[in-house]
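First comes the structure, then the notes that go with it.
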2 protein chains.
Amino acid sequence: MEKVVLIFKDYLRKRGLKFTPEREVVLREVFSLHKHFDAEQLYQNLYKRKKKISRASVYRTLPLLVRAGLITETLRCQGRTSYEHIFGHGHHDHMLCIGCGKVIEFRSEKIEKLQKEICRKYGFKPVEHRLGIKGYCRECQKKIKMKKKLPLDREK
Amino acid sequence: MEKVVLIFKDYLRKRGLKFTPEREVVLREVFSLHKHFDAEQLYQNLYKRKKKISRASVYRTLPLLVRAGLITETLRCQGRTSYEHIFGHGHHDHMLCIGCGKVIEFRSEKIEKLQKEICRKYGFKPVEHRLGIKGYCRECQKKIKMKKKLPLDREK
DNA sequence: ATTGAAATTGAGATTAAGTTGCAATAAGAA
DNA sequence: TTCTTATTGCAACTTAATCTCAATTTCAAT
């Protein structure tokens, strides 16, 4: 944890930005969470714990953390930009269950390698990539079977 | 083109929905385009050509086309939901150039296969997936080299 | 062809996420 | 400690998308 504080401080100092209490609170909150989150959730968490930080500051801090290489945007669920931290966590891809919203993380070296190859073929210099698979997790598949029919888009 | 009209009509009829002139106009516009588009663009195109269709109808029709399996959402650029048609086009993945916005489409059977394998391993039933690689295309890499430095996030 | 239930339309109001302007404040280098 | 410059909070604003509702249209059944 103190490591990420140092990294962030360093990032800020190098471009003449300031390490404020607000930014520190956001940073620590982000790294105390161990799953995906979005700006509003983060704000609510802090608000409940009487950390009086404005929404604007939360929204302004998250992009800084992205640029500092500490967090990254993930798959966008229902309209909100969602983040996760990447420091000491490494890149991975996601499966997102349409039924219950559960997120499964996975990593495949083979897929990573294939992507690089393809980029090379197109003369494309990759900066980041995102692979998201939507579908149904084991549990939700069972539920669906029990209901026999998916009520989502059935025919008349 | 007439094929997609039939498919859409069929989709609608089967669930007691109606094939209206507005929906037809949207459908035809979508399939006359040959690249990615978003709801607002589509509305503007139609508006300029004096097709008086409300924004609401455009926004209401696109999800129907998705459900009918004719179009799909793609990578979200700058906040807007973007679509592309898939009928007679097949699944593919994308590279998105950060420099100029160009989209390169590609498809890798190997990656597709690996994804299926991974899903099987997790007992996950995939419905759709999206792989997007952001980076710099050949041309933009050259431009960057000429500028010697990327002005985006440089240190002081 | 007519009818009538049910779906659809357009216009504008509304929501939600995120951004911005600005005056007051605070960080931190000198 | 001083002083320049960045940051803050608030509220107003923007943007994308959705919703409400009265008027209209579709289309299956006469």
Residues [X] and [Y] bridged, charged N to O under 4.0 Å:
| X | Y | answer |
| --- | --- | --- |
| R28(A) | E24(A) | yes |
| K51(A) | E22(A) | no |
| E105(B) | R107(B) | no |

Should L64(A) and R23(A) count as side-chain neighbours, where that means a heavy-atom distance under 4.5 Å?
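A side-chain contact under 4.5 Å exists here.
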Does a side-chain N or O from [X] land closer than 4.0 Å to OP1 or OP2 of [N], or not?
| X | N | result |
| --- | --- | --- |
| Y59(A) | dT19(C) | no |
| T81(A) | dG18(C) | yes |
| S57(A) | dT7(D) | no |

May I have the distance from [X] (atom [atom1]) to [N] (atom [atom2]), rounded to whole angstrom?
| X | N | atom1 | atom2 | answer |
| --- | --- | --- | --- | --- |
| L12(B) | dA28(D) | CG | P | 12 Å |
| F19(A) | dT5(D) | CZ | C1' | 19 Å |
| R15(B) | dA6(C) | CZ | C1' | 17 Å |
| Y43(B) | dA17(D) | OH | C1' | 14 Å |
| L42(B) | dA16(D) | CG | P | 14 Å |
| L46(A) | dG9(D) | CG | P | 11 Å |
| R55(B) | dG12(C) | CZ | C1' | 12 Å |
| I53(A) | dT8(D) | CD1 | P | 9 Å |

Quick check on DNA chain D: between L64(A) and A56(A), whose nearest nucleotide comes earlier from the 5' end?
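Closer to the 5' end of DNA chain D: L64(A).
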Nearest-nucleotide wise, let me know which of E40(B) and E22(B) is further upstream toward the 5' end of DNA chain D.
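Upstream on the strand: E40(B).
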Starting at the 5' end of DNA chain C, which residue's closest nucleotide do you reach first, S54(B) or P63(A)?
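It is S54(B) whose nearest nucleotide is closer to the 5' end.
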Base of [N] paired with side chain of [X] (donor-acceptor, under 3.5 Å):
| X | N | result |
| --- | --- | --- |
| R60(A) | dG18(C) | no |
| K18(B) | dA7(C) | no |
| R13(A) | dG28(C) | no |

Could you tell me whether a side-chain N or O of H129(B) sits under 3.5 Å from a main-chain N or O of L131(A), the two making a donor and an acceptor?
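No.
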Counting side-chain heavy atoms from C-beta on, which of dA6(D), dT20(C), dT8(C) comes nearest to L17(B)?
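Of the options given, the side chain of L17(B) lies nearest dT8(C).
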Name every residue in residues 23-37 of chain A that has at least one heavy atom under 4.0 Å from any atom of DNA chain D, in order of residue number, or write none if there are no such residues.
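Residues of residues 23-37 of chain A under 4.0 Å from DNA chain D: R23(A).
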Is there a side chain to side chain donor-acceptor pair (under 3.5 Å) between E84(B) and H89(B) once you walk through the steps?
CA-CA 10 Å; E84(B) 66 179 325; H89(B) 196 201; 4.5 Å; no
Describe, in one word, how the ring planes of F37(B) and Y83(B) are oriented to each other, choosing from parallel (under 30°), tilted (30 to 60°) and perpendicular (over 60°).
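Rings of F37(B) and Y83(B): parallel, under 30°.
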Apply the test side chain to side chain donor-acceptor pair (under 3.5 Å) to residues E128(B) and H91(B): give CA-CA distance (whole Å), side-chain angles for both, the deciding distance (0.1 Å), then the verdict.
CA-CA 10 Å; E128(B) 64 137 347; H91(B) 166 76; over 6 Å; no
